[in-house]
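Working notes, beginning with the structure itself.
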Amino acid sequence: MKKQHTTKQHYVPRFLLKQFSGDDNHVFVLNRMSNKIYRTSVDSICYENDIYDEKWEGVIEELGKYVLDNQIEDHLADLEAKVSPLIKQIVVSIKSGDRRVRFTEEKQGLISEFIITLYLRNPYMLKTIIDYYDEVADEQDCEAMMYVVNYLFDTAKWGNPRSLLVYSIKAGIFSKEIEGSPYNITYKQISNLKYVFWYAKEGGIITSSFPLHIFSADGERVERIICPLSSEVALVLFDSIPYPLKEGMVIEIDENNLRRNMSLFYRTHSKEIARLLIAQDEETLNRIKKN
């Protein structure tokens with residue numbers, strides 16, 4: 001039986017968004033473009049249709065509608081299925097009173113891969129990377145090669161080779177095995193970062209349509225990454241862990257620090273990158289909106 005195509009593809013996983021919702025899987029959202037707050041289901045935000053897929057142009061019917069239908073979406077879904085129970089376990093453990101949570105090497109690798117995909121699959125970041133590779137291809141002397149490729153595709157009635165080129169770029173972006181790919185380079189940068197956890201006992205941690213805050217002093221070397229895991233817990237990664245913190249330590253963040261961090265959290269990102277701010281309650285977003 002042919003697998004059904006998934007058109008509605010979330011770039012922030014729904015399981016992560018649910019960590020900021022109530023029992024009915026609804027969240028409050030501040031749209032930074034309109035500056036309006038509304039309540040909606042996690043299924044209705046942070047997605048684009050076929051963001052990871054590419055339709056064949058002018059292709060014969062036997063090849064199907066898409067280039068390698070849903071392969072990137074399926075890869076990301078497999079990763080989410082592995083990391084979802086781990087993140088839920090971390091949140092439950094911290095809320096139950098654990099004051100230190102350590103990762104095995106395997107779990108740290110899994111978390112690192114997940115954070116990388118959150119970065120790369122954001123629509124703005126994904127488009128920026130695709131545009132970069134397009135420009136590189138245009139700058140090189142590819143005219144003769146593309147003439148041959150076009151001729152072969154036309155002869156075989158495979159449609160427009162541009163469809164395959166764009167998909168190949170997308171697939172390459174998410175490949176850890178390709179040396180020098182965005183995934184490969186980013187994994188090398190963050191897989192050895194040290195980590196602690198923030199714990200906001202009364203809630204108030206927000207997330208976003210770009211659910212990471214990345215600080216880099218020189219624009220290249222990552223010094224700190226904050227990844228909210230729920231409305232109460234955030235994972236904080238450091239290039240060099242500040243004294244006297246210890247790896248895996250759970251830090252109960254006070255209300256003033258929490259409000260300050262949440263107000264500044266996504267202001268380093270443009271509205272195009274982080275268009276939506278997402279929280280469990282409306283009051284938190286109203287505070288950010290006023291500030």
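The model shown is predicted, which means the values in this text are computed figures rather than measured ones. Positions are given from 1 along the sequence.
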Checklist line | Inter- and intrachain pairs under salt bridge (charged side-chain N to carboxylate O under 4.0 Å, His left out), touching residues 276-286, at least two apart | finding: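 Sorted result for residues 276-286: E283-R287.
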Is any side-chain heavy atom of [X] closer than 4.5 Å to a side-chain heavy atom of [Y]?
X	Y	value
V27	I45	yes
L118	L16	yes
S21	K18	yes

Are [Y] and [X] connected into the same hydrophobic cluster when the rule is that any two of I, L, V, M, F, W, Y join if their side-chain heavy atoms are below 4.5 Å apart?
X	Y	result
Y133	V166	no
L76	I130	yes
I190	L79	yes
I169	I129	yes
I185	L120	no

Next item on the list: Report the C-alpha separation of N35 and L30 in whole Å, then their side-chain angles, then the decisive distance to 0.1 Å, and conclude whether the side-chain contact (heavy atoms from CB on, under 4.5 Å) test is met.
Entry: CA-CA 6 Å; N35 206 31; L30 170 58; 4.0 Å; yes
Next item on the list: Given side-chain contact (heavy atoms from CB on, under 4.5 Å), test D24 with R39 step by step and report yes or no.
Entry: CA-CA 11 Å; D24 58 357; R39 187 172 180 269; 2.3 Å; yes
Between [X] (side chain only) and [Y] (backbone N and O only), is there a donor and an acceptor less than 3.5 Å apart?
X	Y	answer
S263	R260	no
N122	I273	yes
S208	L276	yes
K36	N31	no
R32	A274	yes

Margin query: Just to verify, what does K8 make a salt bridge (Lys or Arg N to Asp or Glu O under 4.0 Å) with, not counting sequence neighbours?
Written below: D43
Run the side-chain donor-acceptor check on residues 80-91: report pairs under 3.5 Å with partners two or more places apart or on a different chain.
from: E80; atom 1: OE2; to: R121; atom 2: NH1; distance (Å): 3.1
from: E80; atom 1: OE2; to: R121; atom 2: NH2; distance (Å): 2.9

From [X] atom [atom1] to [Y] atom [atom2], the distance as rounded to the nearest 0.5 Å:
X	Y	atom1	atom2	value
F215	I226	CZ	CD1	10.5 Å
D78	E73	CG	CD	10.0 Å
N261	I253	CG	CD1	5.0 Å
L17	F15	CG	CZ	9.5 Å
K271	S34	NZ	OG	9.5 Å

Check: How are the rings of Y52 and F174 set to each other: parallel, tilted or perpendicular (split at 30° and 60°)?
Finding: perpendicular
Margin query: Taking side chain to side chain donor-acceptor pair (under 3.5 Å) as the definition, give me every residue that meets it alongside T40, ordered by chain and number, with sequence neighbours left out.
Written below: none
For residues 176-183, tabulate all N or O donor-acceptor pairs below 3.5 Å that involve a side-chain atom, not counting sequence neighbours.
from: K176; atom 1: NZ; to: E113; atom 2: OE2; distance (Å): 3.1
from: E179; atom 1: OE2; to: K188; atom 2: NZ; distance (Å): 2.5
from: S181; atom 1: OG; to: S175; atom 2: O; distance (Å): 2.6
from: S181; atom 1: OG; to: I178; atom 2: O; distance (Å): 3.1
from: S181; atom 1: OG; to: N184; atom 2: N; distance (Å): 3.0
from: Y183; atom 1: OH; to: E113; atom 2: OE1; distance (Å): 2.9

What is the minimum heavy-atom distance between [X] and [Y], and which atoms define it?
X	Y	value
S96	S93	OG-O, 2.7 Å
P123	E48	CB-OE2, 3.4 Å
G204	T284	O-CG2, 3.7 Å
L258	A200	CD2-CB, 3.8 Å
P228	I206	CG-O, 3.3 Å

In a table with atom names and distances, give each donor-acceptor pair under 3.5 Å that connects a side chain of residues 191-199 to protein atoms at least two apart or in another chain.
from: S191; atom 1: OG; to: Y187; atom 2: O; distance (Å): 2.9
from: Y195; atom 1: OH; to: F103; atom 2: N; distance (Å): 2.6

Next item on the list: Quick one: do I278 and C46 satisfy side-chain contact (heavy atoms from CB on, under 4.5 Å)? Show the steps, please.
Entry: CA-CA 10 Å; I278 301 159; C46 300; 3.9 Å; yes
Margin query: List the residues meeting side-chain contact (heavy atoms from CB on, under 4.5 Å) with Y119, not counting sequence neighbours, and say none if there are none.
Written below: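 Testing Y119 for side-chain contact (heavy atoms from CB on, under 4.5 Å), a comparison that skips the adjacent residues, returns M125, F210, L212, I214.
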Note to self: Applying side-chain contact (heavy atoms from CB on, under 4.5 Å), can you list everything that pairs with D74, at least two apart in sequence or on another chain?
What the structure shows: K3, N70
Next item on the list: Identify the residue among K170, Q71, Q9 that makes a side chain to side chain donor-acceptor pair (under 3.5 Å) with D53.
Entry: Q9
Next item on the list: Go through the structure and list residues passing ring pair (Phe, Tyr, Trp, His ring centres under 6.0 Å) with Y167, not counting sequence neighbours.
Entry: none
Check: Quick one: ring pair (Phe, Tyr, Trp, His ring centres under 6.0 Å) partners of H75, sequence neighbours excluded?
Finding: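 So H75 forms no ring pair (Phe, Tyr, Trp, His ring centres under 6.0 Å) with any residue.
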Please tabulate, for side-chain N and O atoms in residues 242-252, each donor-acceptor pair with protein atoms closer than 3.5 Å (sequence neighbours left out).
none

Output a table of donor-acceptor pairs, distance under 3.5 Å, between side-chain atoms of residues 229-240 and any protein atom two or more places apart or on a different chain; print 'none' if there are none.
from: S230; atom 1: OG; to: E232; atom 2: N; distance (Å): 3.1
from: S230; atom 1: OG; to: E232; atom 2: OE1; distance (Å): 3.2
from: S230; atom 1: OG; to: V233; atom 2: N; distance (Å): 3.1
from: S231; atom 1: OG; to: Q280; atom 2: OE1; distance (Å): 3.2
from: D239; atom 1: OD2; to: R221; atom 2: NH1; distance (Å): 2.5

Note to self: What I want to check is whether the side chains of R259 and N256 have a donor and an acceptor closer together than 3.5 Å.
What the structure shows: no
Notebook entry, point to check: Do NZ/NE/NH1/NH2 and the carboxylate oxygens of D50 and K65 come within less than 4.0 Å?
Noted result: no
